[in-house]
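All remarks here apply to the structure that follows.
Excluded from the calculations below are hydrogen atoms, water molecules and symmetry mates; all remaining heavy atoms, backbone and side chain alike, are included.
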Amino acid sequence: MVRYGYACINLSLVESLGKAAPTTNRTMIKKTFDQKGEDWASQLALQNCRDILPILQWNLENGIQLFRLSSSVFPWASEYRIEELKDITEIKLALKIAGDFTKANGMRITSHPGPFNKLCSERESVVTNTIRDLEIHGEVFDMMGLDQSHNAKINIHLGGAYGEKDMAISRFITNFFRLPYSVSSRLTVENDDKASLYSTKELVELLHPETGIPIVHDQHHHTFCDGGLTQEEGMRLAATTWKPGIRQVIHYSESRSVEAGDPKIKPQAHSDFIKNRIETFGMDIDVMIEAKGKDLALLKYLSLHN
DNA sequence: ATAGGTCAAGCGAGG
DNA sequence: CCTCGCTTGACCTAT
């Protein structure tokens with residue numbers, strides 16, 4: 001059976017509860033962090049962590065077992081040690097409760113650290129910052145007690161070519177082996193949405209063999225960088241990189257430009273809703289919906305197609 | 001109270 | 001050289 005999920009924000013709860021809706025995205029700008037410091041970050045993080053559970057409960061009630069956790073649960077996490085936060089005891093408790101709920105109900109939590117994560121960068125400072133950001137994701141998943149496997153995947157892009165793709169892949173592989181196990185055991189890599197970058201085919205053939213990293217096939221991105229493969233070929237090829245017992249994940253979204261009928265919008269931009277039927281070719285996989293309409297888009301899709 | 005401008009980080013595409 | 005798009009809009013201040 002195909003399972004579907006959505007990313008980071010629950011808009012149904014915002015619709016019904018307004019400002020009281022649970023959110024994991026409280027953060028602050030740099031100026032505020034400089035003024036209020038770590039203790040305020042601790043308070044925001046605690047509130048974010050406590051709000052994971054009600055979102056998961058809503059997901060369960062609505063038959064949604066797949067959820068991407070926001071990367072901004074801990075504001076400015078690269079600037080302090082989570083273990084040393086003022087509210088760490090309560091934070092850990094909230095994360096453990098959310099993680100236990102996830103496992104007890106057969107649900108799956110994933111993450112997608114941002115586009116600033118460049119493990120293939122030529123600059124050591126960029127790589128160091130990337131490793132730090134990824135470490136934080138691994139640490140949060142560890143505190144939730146989630147598996148150190150690609151079930152709780154931490155998904156990033158390769159994302160840079162620097163005019164020499166071979167060299168960039170080589171740097172990525174070297175730096176992959178610098179990651180702590182909490183990250184390396186969970187890391188997946190997704191195909192890019194530019195023809196100059198990396199297709200599913202390239203990732204499967206050039207990145208997977210040396211690292212064992214499973215490849216996430218994004219159907220929308222594939223339309224901009226297909227490596228000569230059809231969607232079905234891409235999905236089936238990516239499937240070979242996932243270990244037995246771990247469900248393959250693919251991403252799905254549609255073009256905002258097409259949805260809005262506005263050629264000025266970049267074709268890569270994500271649509272609000274899902275219009276077409278998602279083709280899964282009879283495969284038993286998890287589909288992450290990346291639409292701006294979040295759970296609203298998913299519920300609407302399921303009501304029309306399930 | 002709300003609207004509008006602003007906001008850490010990397011890269012590549014397009015104007 | 002600037003803006004957008006991507007992981008995900010949220011924050012802050014002036015009105």
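C:dT8 and B:dT6 are spaced 25 Å apart, taking the P atom of each and rounding to whole Å. Comparing the P positions of C:dT3 and C:dT7 gives an interatomic distance of 22 Å, to the nearest angstrom. For the P atoms, the distance linking C:dC12 with B:dA8 amounts to 10 Å, nearest Å. Nucleotides B:dG5 and C:dC4 place their P atoms 13 Å apart, quoted to the nearest Å. With both ends at atom C1', the span from C:dG5 to C:dG9 equals 14 Å, rounded to whole Å.
A:D295 contributes a side-chain N or O that, together with a main-chain N or O of A:S12, makes up a donor-acceptor pair within less than 3.5 Å. The main-chain N or O of A:L197 is found under 3.5 Å from a side-chain atom of A:K165 such that the two form a donor-acceptor pair. Under a 3.5 Å cut-off, the side chain of A:W58 and the backbone N or O of A:L53 do not form any donor-acceptor pair. Judged purely by atom type and a 3.5 angstrom limit, A:T102 uses its side chain to pair as donor or acceptor with the backbone of A:A98.
Within the 4.0 Å cut-off from OP1 or OP2 of B:dA9, not a single side-chain nitrogen or oxygen of A:T130 is found. At the phosphate of B:dC11, OP1 or OP2 sits under 4.0 Å from a side-chain N or O atom of A:S121.
Checked by atom type, the side-chain pair A:T23/A:D51 shows no donor-acceptor distance below 3.5 Å. Remark: the A:S72 side chain and the A:S70 side chain contain an N/O donor-acceptor pair separated by less than 3.5 Å. A donor-acceptor contact closer than 3.5 angstrom links the side chains of A:H251 and A:E190.
None of A:T280, A:D218, A:I278 except one satisfies the side chain to side chain contact (heavy atoms under 4.5 Å, CB included) rule with A:Y252; the exception is A:I278.
Rounded to a whole Å, the CD1 atom of A:I131 is 15 Å from the P atom of B:dG10. Straight-line distance from the CZ atom of A:F224 to the P atom of B:dA13: 13 Å, rounded to whole Å. Following rounding to the nearest Å, A:D133 (CG) and B:dG10 (C1') show an atom-to-atom distance of 12 Å. Rounded to whole Å, the distance from CG on A:D192 to C1' on B:dC11 is 10 Å. The distance from atom NZ of A:K19 to atom P of B:dA1 is 8 Å, rounded to the nearest whole Å.
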For nucleotides 1-15 of chain C, 5' to 3', base contacts (B), sugar-phosphate-only contacts (S) and non-contacts (-) with protein non-hydrogen atoms under 4.0 Å give ---BBBBBSSSSS--
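Ring planes of A:H157 and A:H221: tilted class, angle from 30 to 60°.
In DNA chain B, consecutive stretches of 3 or more Watson-Crick or G-U wobble pairs with both distances under 3.5 Å are given as paired ranges: B:1-7 with C:9-15, B:10-15 with C:1-6.
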